[in-house]
Amino acid sequence: MDKRHQFLKAEIADRLYERLQEVNRSFESKIDLGNRFAAFLPTSERDHYSSAHLEGSSLPVATASVDLIVTNLNLHWINDLPGLLVQIKNALRPDGLFLGTMFGGQTLHELRHALIAAESEICGGANARVIPFADVKDLGSLLQRAGFALPVTDVDTLTLTYEHPLDLLKELRGMGETNALKARPRHFWRRDVLMRACDIYQQKFSQPDGRIAATFEVMYLSGWHPHESQQKPLKRGSGDINLADALKAGKPPKQ
C-alpha cells in the first residue's frame, strides 16, 4: 500500500483510538490485528502493541492470551466474519476488549451506481465491480452470536471529494481497497465503459465546485469477553413496573 494514500486509515485509526481512551481500563497485552492501527498512534503508544497478520479467516493468536485486540478497516475483507469474531472472542482473556472498524453498506455507493449504469448501458449487463459491505444492523447480532458481552455498534459517514472519478480510483488502488471478489471479472475495464462511468459519476454526484463526492461509511464494533464483574441485563420479568401500566400512566386523561 502506498503511504501517500493512507490518510483515511489514519483518520479512522485516530477516531478508534479516541474511543479506546474513553474506556476506563488498562490493558497489559495488546494486539493490532492486520497492522492498520498502531502505526497511526502517537509514538509513545505504538510499541505497546504486538502485530498479528490475518491469514484468510484464521486468527494466529492463542486462546485466552491477550487483553485487547484492535483491528482497523480489515474486517470487510474477511470471508467468514462470524467465524473470525468467535476466534477473537476466544483469544481474549476474561474481561478482555475487542475494538474494530470496517466499511459499511453505503461505502462507495456513488461509484457502484456509475459503474453498473455504464456497463449495463454499453454491454447490456453489469459485473460486480465493488465488493459488498455489511450492514450495521447485522453486526450487533454477529457479536452476540460470537459470545461477546456488552456488544456495541455504531456508524460514522465520511464524504470525501475528488477532482475526477479517476482520482478516486487511483486513491482506492493506493489504499489497497480494490475489488477482491472471487467472482470479479478478470479483464480490465473497457475504456469506453470506464469513460462513460466517469461521465455518469460527474453528472449525478458532482458538488457545486465541480468535485465529485465519495461516501465512506465506517462501522465501529466493540465487545468484551464475558466476565462476572460486568454489568448484566435484568432477567425477563424481574421488573417492578408492568409496561402496560407505565404506558397507561403516561397517557393524558380523556376529555
Side-chain angles (χ1 to χ4, degrees), residues 1 5-20 22 32-34 36-37 40 54 57 69-82 84-85 88 98-117 126-146 148 151-181 184 197-198 200-207 211-223:
M1 292 177 289
H5 301 285
Q6 298 306 300
F7 73 93
L8 185 57
K9 290 186 178 71
E11 174 64 24
I12 303 307
D14 185 61
R15 297 185 182 202
L16 190 57
Y17 180 66
E18 288 182 359
R19 292 167 182 245
L20 179 58
E22 296 173 357
D32 174 12
L33 183 59
R36 294 183 173 184
F37 177 68
F40 303 110
L54 283 168
S57 297
I69 296 177
V70 184
T71 183
N72 183 37
L73 298 181
N74 290 292
L75 298 179
H76 53 277
W77 289 103
I78 302 302
N79 289 326
D80 182 14
L81 182 56
L84 179 64
L85 290 175
I88 291 173
F98 164 63
L99 289 175
T101 63
M102 61 187 295
F103 287 129
Q106 290 302 305
T107 298
L108 298 175
H109 70 86
E110 304 93 345
L111 178 62
R112 183 183 295 111
H113 171 87
L115 292 172
I116 290 175
N127 293 292
R129 297 287 188 175
V130 179
I131 65 172
F133 297 103
D135 191 290
V136 69
K137 295 178 182 178
D138 301 325
L139 294 180
S141 297
L142 288 179
L143 289 169
Q144 287 184 319
R145 285 170 49 193
F148 284 100
V152 176
T153 59
D154 62 294
V155 176
D156 269 346
T157 300
L158 288 73
T159 301
L160 307 184
T161 64
Y162 298 85
E163 289 188 8
H164 193 274
L166 292 179
D167 295 324
L168 169 61
L169 295 176
K170 181 179 179 181
E171 187 85 270
L172 293 174
R173 184 168 296 279
M175 289 169 58
E177 295 290 346
T178 51
N179 192 352
L181 286 174
R184 71 189 185 277
C198 290
I200 293 171
Y201 203 129
Q202 290 175 307
Q203 290 168 11
K204 293 188 66 69
F205 302 109
S206 286
Q207 304 282 350
R211 295 172 66 86
I212 56 103
T215 297
F216 291 87
E217 183 181 59
V218 182
M219 300 189 295
Y220 297 82
L221 304 78
S222 70

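When reading the values below, keep in mind they use all heavy atoms of this one structure, side chains included, and skip hydrogens, waters and symmetry mates.
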task = For Leu111 and Leu169, run side chain to side chain contact (heavy atoms under 4.5 Å, CB included): C-alpha distance rounded to whole Å, both residues' side-chain angles, the deciding distance at 0.1 Å, then the answer.
result = CA-CA 9 Å; Leu111 178 62; Leu169 295 176; 3.9 Å; yes
note = Of Val152, Leu16, Thr71, the one forming a side-chain contact (heavy atoms from CB on, under 4.5 Å) with Leu99 is Leu16
ask   = Hey, are the side chains of Ile212 and Asp167 touching, using non-hydrogen atoms and a 4.5 Å cut-off?
value = no
request  = Could you tell me whether a side-chain N or O of Tyr201 sits under 3.5 Å from a main-chain N or O of Ala213, the two making a donor and an acceptor?
outcome  = yes
note = Nearest heavy-atom contact between Asp156 and Arg19 is OD2-NH2, 4.2 Å
Gln6 side, atom CD; Arg36 side, atom CZ - distance, nearest 0.5 Å = 7.5 Å
inquiry  = Would the distance check show the side chain of Lys9 and the main-chain N or O of Phe40 forming a donor-acceptor pair, the cut-off being under 3.5 Å?
reply    = no
key: For the student: nearest non-hydrogen atoms of Glu110 and Thr215, plus distance   = OE2-OG1, 2.5 Å
inquiry  = Looking at Glu163, I'd like to know if its CD atom is crowded, meaning that more than 12 non-hydrogen atoms belonging to other residues, nucleotides or ligands lie closer than 6.0 Å.
reply    = no
ask   = Between the main-chain N or O of Glu217 and the side-chain N or O of Thr107, is there a donor-acceptor pair closer than 3.5 Å?
value = yes
ask   = Short question: side chain of Asn74, backbone of Asn72 - any donor-acceptor pair under 3.5 Å?
value = yes
query = Which atom names give the shortest non-hydrogen contact between Phe98 and Ile88, and what distance separates them?
reply = CD1-CG2, 3.6 Å
request  = Quick one: sort the His113 and Phe205 rings into parallel, tilted or perpendicular, breaks at 30° and 60°.
outcome  = perpendicular
